[in-house]
Amino acid sequence: MPFSLLKKNPRLILKQVILILGFLLSTAAQSADQKNTQKNFTIQIDNDILFGTDREYTGGLKLYYNDAHLKLNDQLITPIKSLLGSYFSKSLATSTRRQDQFEFSMEIYTIRQKSNGKTLQSLTNTAWASLSLKRFYQFNTANALPIYYHLGMRLGWIGPSNGGEQIQNGFHHLIGNKSEKGWDKQPFDQPTFQLGFERQSLIYQSPHKTLNAYWTSWGEVGSPRTDLYLGIGGYLQKNAHPIFYHNFPNRPIEHNSDWGYFLFTNISLSYDFYNLMRDGRPFTKDPPLIPQLSPWRLKSHVGLGIQHGAHSFSFTVTRWQQFYAKQPETAFHFASLVYNFAY
């Protein structure tokens with residue numbers, strides 16, 4: 001299919017992607033047996049093209065490797081437990097299930113604002129590349145619903161040397177779009193570092209675990225953001241129980257031999273104590289790249305997933321409420337395609 005059709009009819013592309021992935025799921029011979037191993041790999045692609053925009057969080061690629069135990073996590077994640085105090089350290093030691101995750105992420109942002117009616121003006125563009133280590137804990141007790149704790153450490157880099165301009169404009173060239181302006185207004189080259197902690201609790205579960213509701217809270221300390229989130233969500237599932245990280249479906253909790261599905265929706269409210277795009281680099285007097293950036297942010301997700309044997313696939317739509325002055329839309333949307341396979 002010519003690349004020009006991607007711009008004219010992106011929904012047709014989505015339908016074809018879903019059909020292809022469905023075919024792969026149905027024809028995978030190894031998916032007939034249940035995978036007891038916790039080793040699996042995830043590919044996530046984010047983009048806003050389905051909604052006719054090319055701005056805000058305009059695109060991203062994330063690769064995850066999951067295993068029951070990564071030795072590197074013992075060196076870097078385990079010390080975080082001491083920061084949480086003796087109560088959490090003792091609780092984490094009694095977890096009934098644990099899994100480690102390594103993630104590579106590249107996110108591209110194209111920030112614009114309205115100027116003189118419908119004219120859009122570039123505020124700033126940036127790319128954020130990062131490596132993350134995460135550890136997931138699950139607690140099952142006889143008299144209570146499951147509780148999940150998630151610990152994370154994220155090391156990254158923001159700035160021109162990430163190659164975000166070359167990646168975005170190279171993709172635009174392939175699909176016949178013009179080069180994107182705003183890359184001359186990037187943040188300075190700089191490292192980023194974040195520590196994160198999340199607590200997630202089921203508040204309702206139907207007798208056959210088909211219908212589930214939960215609340216979650218998480219916080220991140222460091223750069224480019226120091227923030228706190230509160231969220232609530234629910235999902236309907238059969239043979240496809242998902243694990244949520246920051247209210248987003250991260251991966252299946254286990255792979256089953258039967259066909260499975262899940263449908264979900266959630267909403268979260270966050271507050272930024274520090275934001276690089278608003279406050280500049282720590283201990284400097286950098287001018288704001290996004291003036292009048294609100295510290296409050298309302299975000300919601302809705303999506304669905306299917307699973308068969310070693311393979312699972314999900315499609316998610318994310319909605320951000322307007323969070324800075326003269327933002328072109330009252331609410332911004334982007335879509336995510338996630339494919340996970342166990343081995």
Side-chain angles (χ1 to χ4, degrees), residues 35-44 62-105 107 128-141 144-156 191-202 212 214-231 233 235 241-255 266 268 270 312 314 338 340-343:
K35 294 289 183 176
N36 295 319
T37 176
Q38 294 190 56
K39 293 183 179 180
N40 54 85
F41 185 75
T42 305
I43 303 171
Q44 176 179 329
K62 299 180 181 181
L63 307 175
Y64 307 88
Y65 172 71
N66 307 284
D67 203 341
H69 182 218
L70 295 175
K71 291 183 178 180
L72 184 60
N73 275 18
D74 290 334
Q75 305 298 322
L76 298 177
I77 293 294
T78 302
I80 300 177
K81 292 194 295 185
S82 62
L83 300 176
L84 301 175
S86 59
Y87 171 77
F88 285 109
S89 296
K90 291 179 181 179
S91 297
L92 297 179
T94 62
S95 64
T96 54
R97 183 192 293 263
R98 190 186 78 177
Q99 188 166 45
D100 287 346
Q101 184 175 90
F102 176 83
E103 173 194 346
F104 166 78
S105 172
E107 302 175 1
W128 183 19
S130 64
L131 299 174
S132 300
L133 291 172
K134 305 169 190 172
R135 178 161 284 174
F136 298 81
Y137 296 90
Q138 177 182 337
F139 301 87
N140 292 326
T141 61
L145 295 174
I147 298 175
Y148 305 90
Y149 289 120
H150 306 149
L151 305 180
M153 174 182 290
R154 190 172 186 178
L155 302 170
T192 65
F193 176 75
Q194 285 181 313
L195 295 177
F197 173 75
E198 178 176 15
R199 186 186 191 276
Q200 187 181 119
S201 299
L202 282 180
N212 303 266
Y214 67 90
W215 74 269
T216 183
S217 62
W218 71 91
E220 298 167 311
V221 178
S223 179
R225 289 188 303 271
T226 295
D227 48 31
L228 180 65
Y229 286 74
L230 292 174
Y235 58 95
H241 182 90
I243 288 292
F244 290 90
Y245 181 76
H246 293 184
N247 254 0
F248 189 90
N250 182 273
R251 69 186 193 284
I253 193 170
E254 62 185 13
H255 288 266
N266 56 55
S268 61
S270 67
S312 69
S314 67
V338 180
N340 174 278
F341 63 93
Y343 60 94

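Quick note: residue numbers are just sequence positions, from 1.
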Is any side-chain heavy atom of Thr216 closer than 4.5 Å to one of Tyr148? no
Checking side chain to side chain donor-acceptor pair (under 3.5 Å) between Gln99 and each of Gln138, His69, Arg251, which is the one that passes? Arg251
Looking only at atom types and distance, does a side-chain atom of Ser130 sit under 3.5 Å from a main-chain N or O of Gly156, one as donor and one as acceptor? no
Rounded to the nearest 0.5 Å, the OG atom of Ser132 sits from the CG atom of Leu155 at a distance of 8.0 Å
From CA spacing to verdict: side-chain contact (heavy atoms from CB on, under 4.5 Å), Leu72, Asp100: CA-CA 10 Å; Leu72 184 60; Asp100 287 346; over 6 Å; no
Distance check, rounded to the nearest 0.5 Å: His150 atom NE2 versus Arg135 atom CZ? 13.0 Å
Applying ring-ring contact (aromatic ring centres under 6.0 Å, His included) between Tyr245 and each of Phe136, Phe197, Trp218, report the one that passes. Phe136
Just wondering, do Ser223 and Phe193 contact through their side chains at under 4.5 Å, heavy atoms? no
Ignoring hydrogens and angles, state whether a donor on the side chain of Ser201 or Arg199 is under 3.5 Å from an acceptor on the partner side chain. yes
Taking every heavy atom of Leu131 against every heavy atom of Phe104, the minimum-distance pair comes out as CD2-CD1, 3.7 Å
Inter-residue atom distance Thr226.OG1 - Glu220.CD, 0.5 Å rounding: 8.5 Å
Compare all side-chain heavy atoms of Lys62 with those of Glu103 and state whether any distance is below 4.5 angstrom. yes
Atom CG in Leu228, atom OG in Ser268: separation rounded to 0.5 Å? 11.0 Å
Verdict with supporting geometry, Ser217 and Gln200, side-chain contact (heavy atoms from CB on, under 4.5 Å): CA-CA 7 Å; Ser217 62; Gln200 187 181 119; over 6 Å; no
Looking only at atom types and distance, does a side-chain atom of Gln101 sit under 3.5 Å from a main-chain N or O of Leu133, one as donor and one as acceptor? no
Using a 4.5 Å cut-off on heavy atoms from C-beta on, say whether the side chain of Tyr65 contacts that of Leu63. no
Measure from NZ or CZ of Arg98 to the centre of the six-membered ring of Tyr149, then state whether that distance is under 6.0 Å and the direction lies within 45° of the axis. no
Test Phe248 against Val338 for side-chain contact (heavy atoms from CB on, under 4.5 Å), laying out the working first. CA-CA 11 Å; Phe248 189 90; Val338 180; 3.9 Å; yes
Donor-acceptor under 3.5 Å (Gln194 side chain, Arg225 main chain): yes
dist Asn250:CG -> Tyr64:OH (nearest 0.5 Å) comes out at 6.0 Å
Nearest-0.5 Å distance, CG of residue Asn340 to OG of residue Ser312: 4.0 Å
With a 4.5 Å heavy-atom cut-off, do Tyr214 and Ile147 have their side chains touching? no
His246 and Tyr229 aromatic ring geometry - parallel, tilted or perpendicular at 30°/60° bounds: parallel
Lys134 charged N/C atom sitting above Phe102 aromatic ring, 6.0 Å / 45°: no
Do Asn40 and Phe341 have side chains that get closer than 4.5 Å, going by heavy atoms? no
Flag side-chain contact, heavy atom, 4.5 Å: Phe244 against Asn266: yes
